[in-house]
Amino acid sequence: MLNQYSRLPRDSRDTLFLLAVIACLIGPHWPHLPAWSIVFGGIVLIWRAWMALRGKKLPSRYWLLLLLVLGVVATAWTYRTLQGQDAGVTLLIVLLTLKTLELRARRDALVLFFLGFFVLLTQFLYSQSMQAAFFAMLGLFGLLTGLVNSHLPVGKPPLRQSAGIALRLLALGTPMMILLFLLFPRVAPLWGLPDNANTGRSGLSASMRVGSLAELALDDSVAMRVRFLDSQASPQALYFRGPVLSSFDGREWTALRPSFPAPLQVSSELEVRGQPLRYEATLEPSSRPWLMLLDASPDPPQSSTLTTGKPRMTQDLQWVWPTPITQVLRYSATAYPQFRHGPSQAVVGLQDYSSLPPGYNPRTYELAATLLDRARQQNSPPVARDLVNMALSQLKNGGYRYTLEPGVFGQHSADEFWFDRKQGFCEHITSAFVVLMRALGIPARVVTGYQGGEYNRLGGFWVVRQRDAHAWSEVWLAGEGWVRVDPTAALAPGRINASQSLAAPVGMVAAALGAFTPNFRLQLRWLWDAMNDQWNQWVVYYTQNSQFQLLRALGFKEPDWQVLGWLLTCAALAALAWQEWMNWNRTRRDPWLRLLDLAQQKLRRAGLALPPQPSPREMANLLLHWKPSDTAARVDNQRQAIYRWLLRLEAQRYAPADDQNRHRMLMQLLQESRQLNWPQ
């Protein structure tokens with residue numbers, strides 16, 4: 001295949017390479033763009049590759065206009081607009097692929113390269129992860145290789161040569177890129193993402209239909225990373241609070257729709273005690289406003305990433321941000337595992353937490369009546385705490401099972417769990433438990449969030465994944481307020497105590513690695529998570545505070561914008577000085593460039609107008625048509641000799657020859673230059 005590729009004409013070979021680079025640029029966009037745009041781009045690229053291989057003519061402008069109209073109409077139909085992030089990126093990819101169908105001259109290739117660089121940048125609108133950075137660097141290397149290859153002289157220069165030059169360009173530009181990243185002022189409007197960035201991410205929802213959280217158990221992506229500052233927390237204490245759901249219509253749990261005015265509603269009345277846990281969390285983008293904090297966090301989290309708005313705590317102890325979180329958010333917080341919240345005595349608003357829709361789960365009501373009769377035999381009147389323990393005992397000893405695939409539940413989901421299926425995931429268990437509590441007359445609600453996680457020994461932090469999504473209940477008890485009751489812990493204590501969670505089956509390769517070396521796959525996972533944590537900390541989360549901390553570490557006592565400006569100026573001057581030195585050193589070390597520079601100096605001294613960086617052939621042509629003044633008329637006698645010498649100088653540069661012959665020919669050209677009668 002490589003031999004066939006090398007036999008192709010120069011235009012076909014360069015076109016195929018450029019099409020491959022464009023395919024690599026489009027590839028990372030397939031998860032978040034409509035399927036038709038990826039298929040459209042793929043068909044256009046394959047069509048263009050077929051024309052390059054067969055030497056066919058490019059399509060007419062009528063075909064291009066038709067395809068452009070189809071692409072624009074499809075984009076507008078998909079998004080109902082041509083504005084916005086997703087619509088703009090989709091249209092840009094359509095234009096990039098269509099531009100390959102009119103790739104006739106170098107000018108078209110340059111337009112294609114610049115479109116490619118722009119598409120490369122749009123990857124970071126959706127993700128700033130290490131994977132996105134890797135694919136961006138790979139695409140950048142491919143574009144630079146194609147750009148260098150398009151500027152090489154005629155013939156068939158090997159791609160290895162173009163790739164080597166592109167690699168050197170990347171190496172030369174990397175120091176300045178790092179300096180600009182470290183020192184360029186971090187201004188939020190320039191570095192922030194649009195509001196619709198990172199849309200379509202999986203995660204918790206504002207409602208819970210029985211069976212919805214089981215889908216997250218198949219998602220192994222990271223939800224957040226947590227690092228404790230003082231002492232480590234036990235897996236049992238890792239309850240990260242999310243949306244609290246208190247209204248139930250028989251099928252779906254949603255946020256509370258209060259039936260009473262604000263003065264009669266249930267207040268939080270949070271009281272904390274015991275030893276606090278200080279921690280730092282890195283929350284992945286979710287396009288939701290929820291801040292996942294440990295129960296219970298009375299003080300607002302501190303973060304310098306989001307500078308607009310302030311977080312607030314709802315009456316349900318849930319912390320929310322004013323706007324959806326569309327970028328990696330790092331914040332510090334303090335939690336108190338021992339706490340009490342809610343009213344200690346019954347209030348009117350608690351009735352909202354005891355209501356159930358009529359006509360649903362009749363057998364659960366019968367179970368509640370049975371538990372009440374049993375409790376009355378022990379205590380009269382029955383105690384709410386005893387009823388809760390009896391329900392948990394029913395779960396523990398009634399033959400119930402914790403599973404990821406309980407099947408589809410019907411209208412009476414609680415009845416099916418308690419009497420028919422006797423198996424379920426956490427939301428099946430919690431929903432059925434809360435329905436039973438309300439049937440018993442005990443106020444109860446559903447709390448969703450994340451529980452547990454995986455401790456990374458290499459990085460010293462906890463990794464909470466989407467599969468750690470969990471649902472538990474809170475019941476109100478007189479004198480105690482809201483009390484967390486996790487019915488899943490009674491049914492499957494390993495899910496809570498050992499931080500075990502159900503996960504999707506691993507692939508064949510991962511399973512083989514795990515069978516051969518059980519710890520190898522786990523250590524690779526820890527290493528990858530640790531690298532991602534460092535990437536978020538030093539790259540994604542590199543803010544103005546991080547800049548000033550770096551300057552303090554470099555010895556600046558009171559860093560400010562003036563110091564950043566001064567350092568940037570010094571860096572720019574150093575880069576210019578380095579570039580001048582490189583040019584001088586390159587001319588000094590390359591004998592051919594020395595001869596070219598010598599010819600330029602002599603001709604300019606004689607009055608010949610030359611462009612800034614002329615080639616030997618260009619100087620020869622200008623010399624041939626030059627009409628010198630009377631004082632320089634002597635140049636006419638030697639014009640043809642100098643003309644032929646310049647053409648030989650150019651031929652020596654690009655003609656194939658070994659190092660020994662090249663050196664001999666350069667020495668010969670040097671001797672001839674001394675014998676020529678250059679104009680004075």
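All of these numbers come straight from a predicted model, not from anything done at the bench.
- A donor and an acceptor atom, one from each side chain of Y239 and D486, are located under 3.5 Å apart.
- W418 approaches A432 most closely through the heavy-atom pair NE1-O, 3.2 Å.
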Open item on the list: Apply side chain to side chain contact (heavy atoms under 4.5 Å, CB included) to residues R484 and F339 and explain how you reach the verdict.
Closed with: CA-CA 10 Å; R484 180 198 302 147; F339 63 95; 4.2 Å; yes
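- Of the inter-residue distances, the one linking S303 atom OG with I325 atom CD1 reads 9.0 Å to the nearest 0.5 angstrom.
- No more than 12 heavy atoms of other residues, nucleotides or ligands lie within 6.0 Å of NZ in K396, so this atom counts as exposed by the packing criterion.
- With hydrogens and angles ignored, the 3.5 Å screen pairs a side-chain donor or acceptor of D249 with a backbone N or O of E252.
- Between the side chain of S473 and the backbone N or O of V485 there is at least one donor-acceptor pair closer than 3.5 Å.
- Look at R465 and D468 and you find no salt bridge, because none of the NZ, NE, NH1 or NH2 atoms lies under 4.0 Å from a carboxylate O.
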TODO: Decide yes or no on side chain to side chain contact (heavy atoms under 4.5 Å, CB included) for M313 and Q318, but give the supporting numbers first.
DONE: CA-CA 5 Å; M313 185 175 65; Q318 181 190 3; over 6 Å; no
Open item on the list: Between R330 and T282, is the side chain to side chain donor-acceptor pair (under 3.5 Å) condition met? List the steps.
Closed with: CA-CA 4 Å; R330 194 178 185 93; T282 304; 2.7 Å; yes
Task: Evaluation steps, side chain to side chain contact (heavy atoms under 4.5 Å, CB included), between R227 and Y279 - done: CA-CA 6 Å; R227 186 187 306 274; Y279 63 96; over 6 Å; no
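- Residue M437 comes nearest to A391 through the heavy atom pair CE-CB, 3.6 Å, listed as atom of the first residue, atom of the second, then distance.
- Between the side chain of T448 and the backbone N or O of G242, no donor-acceptor pair lies under 3.5 Å.
- With 3.5 Å as the limit, one finds no donor-acceptor pair spanning the side chains of S354 and R438.
- Under 3.5 Å, the side chains of S259 and D352 contain a donor-acceptor pair of N or O atoms.
- Of the options L283, V226, L291, a side chain to side chain contact (heavy atoms under 4.5 Å, CB included) to F240 is made by V226 and by none of the others.
- The residues D316 and R241 are annotated as not salt-bridged, no charged nitrogen and carboxylate oxygen being separated by less than 4.0 angstrom.
- Annotation: the span from Y365 atom OH to D415 atom CG amounts to 10.0 Å, rounded to 0.5 Å.
- When all heavy atoms are compared, the tightest approach of Y331 to P301 is CD1-CB, 3.9 Å.
- Minimum heavy-atom separation, L395 to L491: O-CD1, 3.5 Å.
- For an aromatic pair to be called close, the ring centres must be under 6.0 Å apart, and Y353 with W482 satisfies this.
- Here W253 contributes atom CH2 and S207 contributes atom OG; the two are 12.5 Å apart, rounded to the nearest 0.5 Å.
- Enclosure of atom OH in Y455 by more than 12 non-hydrogen atoms of other residues, nucleotides or ligands within 6.0 angstrom is indicated.
- Taken from CG in D86 to OG1 in T81, the straight-line distance is 11.0 Å, to the nearest 0.5 Å.
- To the nearest 0.5 Å, atoms CH2 (W30) and CD1 (I38) are separated by 9.5 Å.
- Put simply, the side chain of W476 never gets that close to the backbone of S344: no donor and acceptor are under 3.5 Å apart.
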Open item on the list: Please determine whether side chain to side chain donor-acceptor pair (under 3.5 Å) holds for the pair H29 and S37, giving the CA-CA distance in whole Å, both sets of side-chain angles, and the decisive distance to 0.1 Å.
Closed with: CA-CA 10 Å; H29 285 282; S37 64; over 6 Å; no
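- Ring planes of Y360 and H412: perpendicular class, angle over 60° (limits at 30 and 60°).
- The only option from T90, I26, T78 that meets the side chain to side chain contact (heavy atoms under 4.5 Å, CB included) definition with L33 turns out to be T90.
- Side-chain atoms of S247 come within 3.5 Å of backbone atoms of R257 as a donor-acceptor pair (strictly under, hydrogens ignored).
- Checked by atom type and distance alone, the side chain of Y402 never pairs as donor or acceptor with a backbone atom of Q423 at under 3.5 Å.
- Taking the centre of each ring, F417 and F433 stay at or above the 6.0 Å mark.
- Side chain of N456 to backbone of F461: no donor-acceptor contact under 3.5 angstrom is found.
- F134 CZ: 12 or fewer foreign heavy atoms inside a 6.0 Å radius.
- For the atom pair CD of Q394 and OH of Y400, the computed distance is 4.5 Å after rounding to the nearest 0.5 Å.
- When all heavy atoms of A335 and L294 are compared, the pair lying nearest together is CB-CB, 3.6 Å.
- The pair R363-D420 counts as a salt bridge, with a side-chain nitrogen and a carboxylate oxygen less than 4.0 angstrom apart.
- Between the side chain of S431 and the main chain of H428, no donor-acceptor pair closer than 3.5 Å is present.
- The main-chain N or O of N389 is never found under 3.5 Å from a side-chain atom of S393 such that the two would form a donor-acceptor pair.
- Separation of the H32 and Y126 ring centroids falls under the 6.0 Å cut-off.
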Open item on the list: side chain to side chain contact (heavy atoms under 4.5 Å, CB included), that's the test. Do L238 and W462 meet it? Break it down for me.
Closed with: CA-CA 10 Å; L238 298 181; W462 288 85; 3.7 Å; yes
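- The existence of a salt bridge linking E280 and R225 is excluded, since no basic side-chain nitrogen approaches an acidic carboxylate oxygen closer than 4.0 Å.
- Annotation for Y336 and P298: closest pair CD1-CD, 3.7 Å, computed over non-hydrogen atoms.
- Judged by distance alone, with hydrogens and angles left aside, the side-chain atoms of R288 form a donor-acceptor pair with the main-chain N or O of S286 at under 3.5 Å.
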